[in-house]
Amino acid sequence: MAKYRIAWLPGDGVGNDVMDAAKIVLDAVKLDAEYIHGDVGWEFWCSEGDPLPERTVELLKSCDCCLFGAITSKPKEEAEKELSPELKSKGYVYRSPIVRLRQLFNLHTNLRPCKAYPGNPLNYKDGIDLVVFRENTEGLYSGVEFYPLPEYLRDAMKSASKNMAKFDAVDDADIAVSCRIFTRQACRSIARQAFEYAKKHERKSVTVVEKPNVIRETSGLMVREAREVAKDYPDIPLWEANIDAMCMWLLKNPFDYDVLVSTNMFGDIISDLCAQLVGGLGFAASANIGDNFALFEPTHGSAPKYAGQHKVNPTAMLLTVKLMLDWLGEIETAKRLEDAIAKVIAGGKVKTYDLGGTNTTLEVAQEVAGKI
Ligand code: IPM
Ligand code: MG
């Protein structure tokens with residue numbers, strides 16, 4: 001029996017292309033694992049009314065971890081239109097499978113390292129090395145949303161907050177509400193993960209990115225919890241920044257920052273920004289980590305226009321495999337893989353179109369495999 005059982009979920013579009021690349025390097029490092037394919041993605045939404053079928057959830061429960069390609073997400077009405085005719089008007093509602101998986105398996109910590117590898121012509125500035133910790137299950141992505149506004153909810157909100165009076169003249173049918181729900185436990189946990197990482201990797205600071213001057217209660221809770229956690233790490237300063245200003249500061253002075261921590265939506269935003277500083281989504285890896293299970297996915301989407309062409313840069317996926325190896329405790333192997341990726345980037349010869357090259361996804365993966 002293999003040492004690891006890994007759920008293999010290519011998903012949509014170029015998810016399949018980059019998973020082929022992942023397999024090349026996993027074979028090259030001879031990881032003792034079996035890979036079990038799972039159905040997820042748009043075709044299962046269209047044909048079954050569920051992009052994340054129950055059989056896939058069961059598969060994940062039987063595995064050590066999951067490698068995930070990419071997923072197509074569309075807004076509610078567009079999704080409804082593409083349902084197979086016999087499923088239409090049956091009440092199926094599209095929800096992003098990746099967001100659901102994070103919640104179902106309580107993958108509370110989203111780790112997104114953004115490092116400017118030497119020789120990458122797309123680096124915004126050489127030497128950038130940021131790590132984003134994004135709370136992964138709560139906030140505006142909890143799925144507690146209403147449209148139109150139910151009357152009982154308006155009544156409750158009105159009696160609880162005088163600020164609701166502003167909306168008195170607006171019809172229920174013209175109001176949508178998405179709840180930003182934070183728990184103390186999740187805020188504390190993501191702050192703890194960020195500080196633990198900073199300590200382990202000798203990082204110089206942790207910056208909590210929120211907006212407590214306006215979003216007083218939720219952002220306020222996150223910042224207060226970060227301050228509490230920081231007390232246990234007297235050698236690592238905690239800095240506080242507002243999300244809007246942070247987007248500016250990261251462009252102006254990226255070297256002032258190190259580990260960033262935020263909640264679900266601001267973490268989503270800031271991690272795309274950080275990705276662009278180090279070459280774009282083709283270089284952005286991510287790990288969704290829970291207490292006993294983890295799911296690894298590149299930050300990029302399914303890029304339907306490139307699907308099946310083996311054109312996109314596999315580096316984000318290969319760095320994602322590196323994160324998976326780290327999590328499995330295969331630290332040496334992870335290091336060897338990262339070194340090989342760095343060598344191929346520095347070599348500048350074998351590269352995909354985003355880097356001005358003509359090589360395919362698989363050729364880049366083979367080049368990396370050859371350098372391991
Ligand atoms: C990400 C993506 C997802 C998210 C989408 C595809 C639902 O943007 O992983 O950053 O919003 O979390
Ligand atoms: Mg995102």
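Counting starts at 1 for both ligands and their atoms, in listed order. Fair warning: this is a prediction, and the values are worked out from it, not measured in the lab.
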Between [Y] and [X], is the closest basic N to carboxylate O distance under 4.0 Å?
{"X": "Lys343", "Y": "Asp339", "answer": "no"}
{"X": "Lys115", "Y": "Glu338", "answer": "yes"}
{"X": "Arg180", "Y": "Glu210", "answer": "yes"}

Out of curiosity, is Met265 lining ligand 1, as in a heavy atom under 4.0 Å away? no

Which of the ligand 1 atoms, numbered from 1, are nearer than 4.0 Å to a heavy atom of [X]:
{"X": "Val99", "value": "7 (C)"}
{"X": "Arg102", "value": "1 (C), 4 (C), 9 (O), 12 (O)"}
{"X": "Tyr141", "value": "11 (O)"}

Verify whether the ring centers belonging to Phe133 and Tyr197 lie closer than 6.0 Å. yes

Measure the distance from [atom] to every protein heavy atom, then report the residue, atom name and distance (to 0.1 Å) of the closest one.
{"atom": "atom 5 (C) of ligand 1", "answer": "Ile98 CG2, 4.4 Å"}
{"atom": "atom 7 (C) of ligand 1", "answer": "Ser96 OG, 3.6 Å"}
{"atom": "atom 1 (C) of ligand 1", "answer": "Arg112 NH2, 3.3 Å"}

For residues 252-260, dump all side-chain donor-acceptor pairs below 3.5 Å to protein atoms at least two apart in sequence or in another chain.
{"residue": "Asp258", "atom": "OD1", "partner": "Arg203", "partner atom": "NH1", "Å": "2.7"}
{"residue": "Asp258", "atom": "OD2", "partner": "Lys204", "partner atom": "N", "Å": "2.8"}

Look at the rings of Phe195 and Tyr233 and say which category their plane angle falls in: under 30° parallel, 30 to 60° tilted, over 60° perpendicular. parallel

Can you find a pair of side-chain heavy atoms, one from Asn242 and one from Val214, that are under 4.5 Å apart? no

Does any non-hydrogen side-chain atom of Ile71 lie less than 4.5 Å from one of Ser73? yes

For the Mg ion (ligand 2), which protein N/O/S atoms fall under 2.8 Å? Skip waters. Asp268 OD1

Donor-acceptor under 3.5 Å (Asn264 side chain, Glu138 main chain): yes

Judged by atom type as modelled, is there a donor-acceptor pair below 3.5 Å linking the side chain of Thr56 to the main-chain atoms of Asp39? yes

What do you reckon, does Asp268 have a nitrogen or oxygen under 3.5 Å from a nitrogen or oxygen of ligand 1? yes

